[in-house]
Each structure stands twice: as C-alpha cells, then as structure tokens.
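I have placed the structure first, in the form of structure tokens, so that the comments after it can refer back to it.
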Number of protein chains: 4
Amino acid sequence: MTEKQEKIVQAALELFAQEGYHATSTSKVARAAGVSEGLIFRHFGNKEGLLAAIIKIGEQRLRDLYADIVLATNPKEVIRKALEMPFLVEESDYEFWNLQFKLKWELPGYDPSKMEPLQVALTNAFRKLDYTFPKLEAEFLIHALDGIGSALLKGGISDKSTLKEFLLDKYQV
Amino acid sequence: MTEKQEKIVQAALELFAQEGYHATSTSKVARAAGVSEGLIFRHFGNKEGLLAAIIKIGEQRLRDLYADIVLATNPKEVIRKALEMPFLVEESDYEFWNLQFKLKWELPGYDPSKMEPLQVALTNAFRKLDYTFPKLEAEFLIHALDGIGSALLKGGISDKSTLKEFLLDKYQV
Amino acid sequence: MTEKQEKIVQAALELFAQEGYHATSTSKVARAAGVSEGLIFRHFGNKEGLLAAIIKIGEQRLRDLYADIVLATNPKEVIRKALEMPFLVEESDYEFWNLQFKLKWELPGYDPSKMEPLQVALTNAFRKLDYTFPKLEAEFLIHALDGIGSALLKGGISDKSTLKEFLLDKYQV
Amino acid sequence: MTEKQEKIVQAALELFAQEGYHATSTSKVARAAGVSEGLIFRHFGNKEGLLAAIIKIGEQRLRDLYADIVLATNPKEVIRKALEMPFLVEESDYEFWNLQFKLKWELPGYDPSKMEPLQVALTNAFRKLDYTFPKLEAEFLIHALDGIGSALLKGGISDKSTLKEFLLDKYQV
DNA sequence: AATGAATGAGGGTTCATTCAT
DNA sequence: AATGAATGAACCCTCATTCAT
C-alpha cells in the first residue's frame with residue numbers, strides 16, 4: 001500500500017464509522033484524505049472496493065484479537081481472556097470497531113460466522129470445566145459479549161471496570 | 001393516520017429494513033406504497049420526518065413488549081419473561097425489529113436509554129432473589145439479551161428453543 | 001409529448017447531429033433545451049432512451065418519405081420519385097438527416113434493412129420496364145441514392161439540380 | 001515508427017473502428033496495445049494526435065487504391081477497375097475501412113475532396129467513351145461506389161460477386 | 001523511451017424536495 | 001388530499017492529460 005492509499009483507507013474508515021457507508025460520499029473521503037477523488041477509483045475500483053479493503057482490515061484485526069484467546073491452554077484463561085476482550089479495546093479504537101458493528105447491519109450478507117474459532121475455544125473450555133451444556137454456555141457468552149461490545153461502543157456502559165470485575169467473578173476466572 | 005399514510009409508513013418500514021435508511025430513496029418508497037412521491041412530503045415533511053414516524057412506532061412496540069415484563073410481580077416471573085422476550089418475536093416481525101437494530105447503528109444519537117424501565121425491573125427482581133450484585137446482573141442480562149436478539153435477527157441462531165430452555169434453566173426461572 | 005419533452009428532443013437532435021451522440025453531453029442538451037438535466041432522465045430514462053426517441057422519429061420520417069414512392073402505380077413514376085427523393089429534402093432538414101447517417105455509423109447494429117420496402121418497389125418497377133436484372137438494378141440504385149444523399153449532406157455536391165436532371169434523363173423517367 | 005508506436009496505432013485502429021473515436025478511451029487503447037497510457041501522449045501528443053496518425057494512414061491507403069485506377073490508360077480499364085475497387089477489399093480489411101467511413105461522419109470537416117483524382121480519371125474515361133455528360137457520369141458513379149462500399153461494410157450486400165458482374169456488364173467494361 | 005501514480009474536469013445518473021394543478 | 005412535472009445539488013465514476021521517476 002502506498003502512502004496515499006493508506007490515507008484514503010484511513011479517511012474512509014473514519015467517515016464510514018462516523019456517518020455510515022452509504023451516507024459517506026467518495027468526494028468527502030477524497031477531501032478528508034487530501035487526495036483527488038479519481039485516485040480512489042484508480043486504487044480501489046469503486047466505492048465498494050474501498051469498503052472491501054476496509055472490511056479486510058477489520059477481519060484481520062478481529063483474528064488478532066481472537067488469536068490470544070484461542071491459543072490459551074488453560075480453560076479458565078480462555079474464558080477470562082474472552083471476558084476481558086471487549087474491555088481491552090482502547091477508546092482510540094472505538095471508531096474502528098464502531099464501523100465493524102455498523103457494517104454488520106448496513107451490509108447484506110455480512111458477518112458470516114466470523115466468531116466460529118472463538119465459539120470452539122469457549123466450548124472446549126466450558127467442557128473441561130465440566131459445565132453441563134458447554135456448547136450452549138459458549139453460545140450464550142458470545143452473544144453476551146457481542147451485546148456488551150455494542151453497548152460499550154454506543155456509550156451505554158458507564159463503569160467499565162466494575163462490570164468487568166463482576167463478570168470475571170461471575171464466571172470464577 | 002389516513003390509509004395512504006399507513007401505506008407509506010408500511011412501505012418505508014419494509015424498505016428501510018431491507019436496504020437501510022440511506023440506501024432507500026423516497027421514490028422507491030412512493031412506488032412501493034402506490035402513492036405519488038410528493039405525498040410523502042405533504043404528510044411527513046421530509047425523508048427524516050418519515051423516519052421519525054417509523055421510529056416512534058418502534059418505540060411504542062418496544063414499550064408494549066416491556067409492559068408485560070415490568071408489570072409482573074413475582075421476581076422469577078420478571079426474569080423468565082425477560083429471557084423469553086427475544087424468542088417470542090414472531091418471524092413475520094423480524095423485518096420490523098431488524099430495522100430497529102439497523103437504525104441504532106445508522107443514526108447518530110439513537111437509543112437513549114430506552115431500556116431503562118427494563119433495567120429497573122430486572123434489578124429489583126435480582127435483588128429480591130438475593131443476588132449479590134443485582135444491578136450488574138441486570139445490566140449483564142440486558143446486554144446478553146441484546147446480543148441474542150441481534151443474532152436471532154441475523155440468522156445466527158439455529159436452535160432457538162434449546163437456547164431458550166438453557167437460559168431458563170441457567171437462571172432457574 | 002409535453003412541451004419540454006419536445007424541447008429536449010429538438011435540442012438533442014441538433015446537438016447529436018452537429019457533434020455526434022457520444023460527443024454530446026446530457027448537460028449540454030439540457031442547457032440547449034432550457035431545462036434541468038434531471039428532466040431528461042425523468043422523461044427518457046437515460047441518454048440512450050433519448051437517442052431511441054430520436055431514432056424512432058427518424059424512422060417515421062423515413063417511412064413518410066418512402067410512402068409517396070412505394071404507393072405510386074406507374075413504374076416510371078416510382079423510379080422518378082426515388083431519384084428525386086434526395087433532392088427533395090430541404091436544407092433546413094439537412095441536420096436531421098445528417099444525424100440519421102451519423103447514427104448509422106456510430107451505433108452498432110443500426111439500420112437493419114430499413115430500405116426494404118423501397119427495394120421491393122423499385123424491383124417491381126424495373127421488372128415492369130423489362131430490365132434484364134430488375135433486382136440488381138434496384139439494389140444498385142439504392143446504394144447510389146445512399147451515396148448521393150451522403151454527399152449531399154456533407155456538401156460534396158455543388159450543382160444539385162443538374163445532377164438530378166442528369167439522373168432523370170439517364171433513367172429516362 | 002517504433003514497435004510500440006505501431007502497437008498503439010494498431011490497437012487504436014481496431015478500437016476506433018469497433019466502437020468509434022469518442023467512445024474509445026485512451027486507457028482502453030493503452031491496455032489493448034500492452035503499453036502504458038502515458039506513452040500514447042509521449043508519442044502522439046494527445047488523443048486527437050493519435051487519430052490524426054490513423055487518418056494519415058487511411059489517406060495513404062486510399063491513394064494506393066486509386067493509384068492503380070488512375071494510372072490505367074485504357075478508359076474501359078479505368079472504369080472497370082473503379083467498379084471492382086470496393087469488391088477487391090479483403091474482409092480482413094473491413095475494420096480499417098469501416099473506421100474511415102465512421103470518421104467521415106464523426107469528425108467535423110473531414111473528407112475534403114479526397115476523391116478528386118478518381119473523379120478526374122473517371123471523367124476522362126467517360127469522355128473518351130463518348131458519354132454525353134462525362135463529368136456527371138463520373139460524379140454519379142463515385143457516389144454509387146461510395147454507397148456500395150458503405151453497404152459492403154455494414155453487411156448489407158449478400159451476393160458480392162453477382163453485383164460486381166452486374167455492374168461490369170451494365171457499364172460494358 | 002517508458003511507466004504508472006496522480007489529477008481535475010466532466011461524464012451520466014439519482015436524489016430529496018418543490019410547486020402548479 | 002393528491003399528483004407528477006420539474007429542479008439543482010450531489011452522487012459515483014471515467015476521462016484525457018501531466019509528471020516524477
């Protein structure tokens with residue numbers, strides 16, 4: 001990626017996150033990136049291509065977040081890390097993740113089981129800890145984490161650390 | 001609301017739900033409603049006014065859903081009803097709720113503590129049942145339900161009834 | 001056709017004729033027609049639709065020109081009228097016919113045997129006059145008329161009436 | 001002309017012939033020629049310069065076609081060769097000539113009496129053969145040949161050799 | 001000579017909105 | 001209340017052209 005390509009992606013990321021994909025015009029992206037509008041199309045083909053590039057980045061970042069969890073050996077550690085995940089995201093990254101959640105609703109056919117590796121890891125962890133329904137426990141937890149992440153980004157959680165501690169305690173990890 | 005007004009709202013509801021607010025043009029709404037485009041503006045002022053009307057309906061429907069929960073006296077019943085709520089939504093209504101979730105992300109400054117009555121009711125229920133941190137339990141559960149509702153709408157939950165039974169069992173209600 | 005629709009078609013006709021279809025922008029058409037650019041698309045769908053409307057007019061005008069020839073009973077009259085046809089076109093209509101010739105080359109798959117009724121009429125006329133190869137005579141004449149029309153429009157014929165008299169004399173009609 | 005220059009001209013020739021000058025972008029030409037877009041401008045200045053180069057080639061080719069006719073001594077031979085000319089063009093060259101006809105209509109102020117040498121030769125031939133109006137005969141024949149060539153390129157002539165024989169017979173050459 | 005990133009103007013088209021009827 | 005013609009701004013995108021390398 002050249003320097004200008006990076007700038008375009010960065011600007012698009014911010015604008016798509018703030019206003020949504022459809023509500024953001026390519027001309028606004030170009031202006032924000034300090035670049036001619038045509039360049040967007042030279043590098044990404046069309047607006048959707050730019051979006052695709054951004055989504056790819058998002059998927060990579062998600063995989064990075066998971067990696068640490070999935071690779072843990074101790075079942076309690078797996079669960080603890082999963083619980084901590086939403087709280088580890090720095091506020092400077094909220095915009096980025098906000099976009100990912102936005103896109104999940106704005107795009108048709110998005111989010112096809114990206115969570116699966118996490119699902120598997122959590123199921124195994126719950127099984128090792130002799131939970132009666134490890135698969136369902138994992139499923140529930142993932143949904144809960146999704147809801148928490150969502151609320152975090154929308155500013156619906158005032159006391160983050162208290163909630164986190166409560167969760168770690170609740171799951172005894 | 002006159003008959004044509006209803007038709008407009010209904011058409012907008014469907015289209016906004018399917019394609020998103022920004023991606024839906026007023027002309028498409030008019031066509032789907034079998035109405036002239038100008039009429040939309042006569043009745044709702046502008047496109048945002050039409051959206052506002054739809055949001056209002058959504059809020060009313062949400063209150064209706066809550067009412068049954070909030071008014072319950074038995075704490076276990078409160079929790080049970082809360083847990084059942086996402087699963088009670090009929091598939092024919094998915095489109096409607098899909099739109100509500102969509103809007104939460106598409107609009108700036110949306111979702112201002114609509115959940116509060118539910119939060120209060122759940123906190124009280126958990127307190128009556130002697131949970132150590134009733135407020136946090138309520139908060140967690142609400143986020144979890146949000147996540148479950150989200151997954152339900154996106155088709156990410158294959159076996160609804162099993163998950164529901166698991167939850168009722170988990171919370172012993 | 002409303003008044004503005006007429007204006008659009010008229011302006012497009014002139015511009016397409018002068019500069020060619022591809023070289024004429026819809027904005028130029030709109031400006032020349034004294035109309036907003038959007039109106040073109042409301043009425044004709046897209047630029048090609050506008051072209052189609054113009055082509056339709058051209059085909060009608062061509063049929064009108066033929067009608068007089070085809071309906072003649074006397075074979076000599078048929079041939080005479082065919083020969084006179086290119087010379088009957090008024091100079092104020094040159095622009096219109098210029099466009100028709102232009103389009104024949106600019107558009108793929110244009111001009112599919114529009115000349116057939118004329119071909120039939122001329123063949124019959126030559127047959128009645130005992131020409132040895134009436135069909136080939138007709139074919140040749142049509143091509144010649146096409147070439148003459150083309151030259152007429154491009155300004156390649158200085159003395160129209162002399163050429164016309166020569167032709168009438170040559171075919172003895 | 002360097003090898004790359006040739007490639008550009010060749011690619012432009014094909015594309016201009018197939019889709020027209022205005023409808024062909026320089027980027028498409030570059031791609032088809034396997035050359036960077038910038039090189040076109042290095043060599044030909046601008047798009048019009050590329051066109052000019054192509055036109056020049058066309059004019060040379062036309063002169064070549066004429067040469068054989070004009071240099072003939074026997075008047076019958078002149079006429080015969082003129083009549084044969086359109087039929088001598090190989091189908092593999094149709095694309096090239098198609099472009100020439102296209103350009104005649106697409107460009108303003110094109111075709112300034114390129115036919116003159118042929119006109120002179122034919123006039124002389126008809127005069128030698130004691131035609132009453134040799135100049136008009138020549139003019140008519142040239143227009144007819146133009147029409148025939150046009151039809152040939154547009155695929156409007158099914159039986160070429162029959163038409164040719166008919167013409168040779170008609171002019172008794 | 002040759003590339004390919006970069007540009008700015010303009011392309012066709014869609015949009016939300018207004019207005020006369 | 002209801003229509004549909006009409007608008008002008010903005011949309012995404014393509015264009016011919018330039019320039020540093």
Side-chain angles (χ1 to χ4, degrees), chain A residues 2-5 7-8 22-30 33-50, chain B residues 2-5 7-8 21-31 33-51, chain C residues 2-5 7-8 22-31 33-51, chain D residues 2-5 7-8 21-31 33-51:
Chain A
T2 75
E3 185 205 356
K4 300 225 169 185
Q5 256 167 310
K7 279 206 171 179
I8 292 170
H22 281 108
T24 304
S25 70
T26 50
S27 83
K28 217 189 283 185
V29 173
V35 146
S36 76
E37 200 177 350
L39 197 59
I40 293 177
F41 296 90
R42 190 183 210 307
H43 282 314
F44 301 96
N46 51 26
K47 197 187 173 187
E48 219 175 326
L50 174 56
Chain B
T2 75
E3 185 204 356
K4 298 224 170 184
Q5 260 168 309
K7 278 206 170 178
I8 292 171
Y21 170 68
H22 280 109
T24 302
S25 67
T26 50
S27 86
K28 219 189 278 185
V29 172
R31 216 175 312 128
V35 147
S36 77
E37 204 176 348
L39 197 58
I40 293 177
F41 295 87
R42 179 114 177 63
H43 283 313
F44 302 95
N46 54 23
K47 196 186 173 187
E48 221 175 324
L50 173 57
L51 179 62
Chain C
T2 75
E3 185 206 355
K4 299 225 170 186
Q5 255 167 309
K7 279 207 171 179
I8 291 170
H22 281 109
T24 303
S25 70
T26 49
S27 82
K28 218 188 281 184
V29 173
R31 217 175 311 127
V35 145
S36 76
E37 201 176 351
L39 197 59
I40 294 177
F41 296 90
R42 190 184 211 306
H43 283 313
F44 301 96
N46 52 26
K47 196 186 174 187
E48 219 174 326
L50 173 56
L51 179 61
Chain D
T2 75
E3 185 204 355
K4 299 225 170 185
Q5 260 167 308
K7 278 207 171 178
I8 292 171
Y21 171 68
H22 279 109
T24 302
S25 68
T26 50
S27 85
K28 220 189 279 186
V29 173
R31 217 176 311 127
V35 147
S36 77
E37 204 175 348
L39 197 58
I40 293 177
F41 295 87
R42 180 111 176 65
H43 283 313
F44 302 95
N46 53 23
K47 196 187 173 186
E48 221 174 324
L50 173 56
L51 179 61

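All chains are named by letter (A, B, ...) in the order of the sequence lines, taking the proteins before the strands, and each is independently numbered beginning at 1. Reckoned from all heavy atoms, side chains included, excluding hydrogens, waters and symmetry mates.
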**Asked** Can you tell me how far C1' of F/dC11 sits from CG of C/Asn46, to the nearest Å?
**Response** 17 Å
**First encountered from the 5' end of DNA chain F, between B/Gln5 and C/Gln5** = B/Gln5
**Message:** In this structure, how many angstroms lie between the C1' atom of F/dC15 and the CG atom of D/Leu50, rounded?
**Reply:** 15 Å
**Request:** Using atom CZ of B/Arg31 as one end and atom P of E/dC15 as the other, report the distance to the nearest whole Å.
**Result:** 9 Å
**F/dC12 pairs with, by Watson-Crick or G-U criteria that keep both distances under 3.5 Å** = E/dG11
**Request:** Give one of base, sugar-phosphate or nothing for B/Ser25, where a contact means two heavy atoms less than 4.0 Å apart.
**Result:** sugar-phosphate
**Asked** To the nearest 0.5 Å, what is the distance between CD (B/Glu48) and OH (B/Tyr21)?
**Response** 5.0 Å
**Request:** Would you mind reading off the distance between B/Phe44 atom CZ and E/dT17 atom C1', rounded to a whole angstrom?
**Result:** 16 Å
**Asked** In whole angstroms, how far is the P atom of F/dA6 from the NZ atom of C/Lys7?
**Response** 11 Å
**Prompt:** Mapping A/His43 and B/Gly45 onto DNA chain E by nearest heavy atom, which one lands closer to the 5' end?
**Reply:** A/His43
**Fill in**
Walking DNA chain E from its 5' end, the first of B/Tyr21 and D/Thr2 to be reached, judged by nearest nucleotide, is D/Thr2
**Message:** Just verifying a value: how many Å separate A/Ser36 OG and A/Arg42 CZ, rounded to the nearest 0.5 Å?
**Reply:** 10.0 Å
**Asked** Roughly how far, to the nearest 0.5 Å, is the CD1 atom of B/Ile8 from the CG atom of B/Leu39?
**Response** 4.5 Å
**Prompt:** Between the side chains of B/Glu37 and B/Ser27, is a donor N or O closer than 3.5 angstrom to an acceptor N or O?
**Reply:** no
**Message:** Whether A/Ser27 contacts F/dC12 is assessed here as follows: a side-chain N or O lying under 4.0 Å from the phosphate OP1 or OP2. Is that the case?
**Reply:** no
**Request:** Might you confirm whether atom NZ of D/Lys28 has over 12 heavy atoms from other residues, nucleotides or ligands at distances under 6.0 Å?
**Result:** yes
**Request:** Give the nucleotide from the list E/dA2, E/dA5, F/dT7 with an atom nearest to the side chain of A/Arg42.
**Result:** E/dA5
**Message:** Of the listed nucleotides (E/dT17, E/dT3, F/dT17), which one gets closest to any side-chain atom of D/Leu39?
**Reply:** E/dT3
**Message:** With a 4.0 Å limit, can you tell me whether A/Thr26 has a side-chain N or O closer than that to the phosphate oxygens OP1/OP2 of F/dC13?
**Reply:** no
**Asked** Rounded to the nearest Å, what distance is computed from the CD atom of residue C/Glu3 to the P atom of nucleotide E/dA20?
**Response** 16 Å
**Prompt:** Looking at CD of B/Glu3 and CD of B/Gln5, how far apart are the two atoms once the value is rounded to the nearest 0.5 Å?
**Reply:** 11.0 Å
**Message:** As a test of reading the structure: which of E/dG12, F/dT7, E/dA6 is closest to the side chain of A/Lys4, going by heavy atoms?
**Reply:** E/dA6
**Request:** Select one nucleotide: of F/dT17, F/dA1, E/dT17, the one nearest the side-chain heavy atoms of B/Phe41.
**Result:** E/dT17
**Prompt:** Can you check the D/Ile40 CD1 to F/dT18 P distance for me, whole Å?
**Reply:** 13 Å
**Request:** Could you state the atom-to-atom distance from NZ of C/Lys47 to P of E/dG10 in whole Å?
**Result:** 15 Å
**Prompt:** Is a donor-acceptor contact shorter than 3.5 angstrom present between the side chain of A/Glu37 and the base of F/dC12?
**Reply:** no
**Fill in**
By the Watson-Crick or G-U definition, both distances under 3.5 Å, E/dA20 is matched with F/dT3
**Request:** Please tell me which of A/Lys28 and D/Ala23 maps to the more 5' nucleotide of DNA chain F, matching each residue to the nucleotide holding its nearest heavy atom.
**Result:** A/Lys28
**Message:** Counting only side-chain heavy atoms from C-beta out, which of F/dA6, E/dT3, F/dA2 sits nearest to D/Ser36?
**Reply:** E/dT3
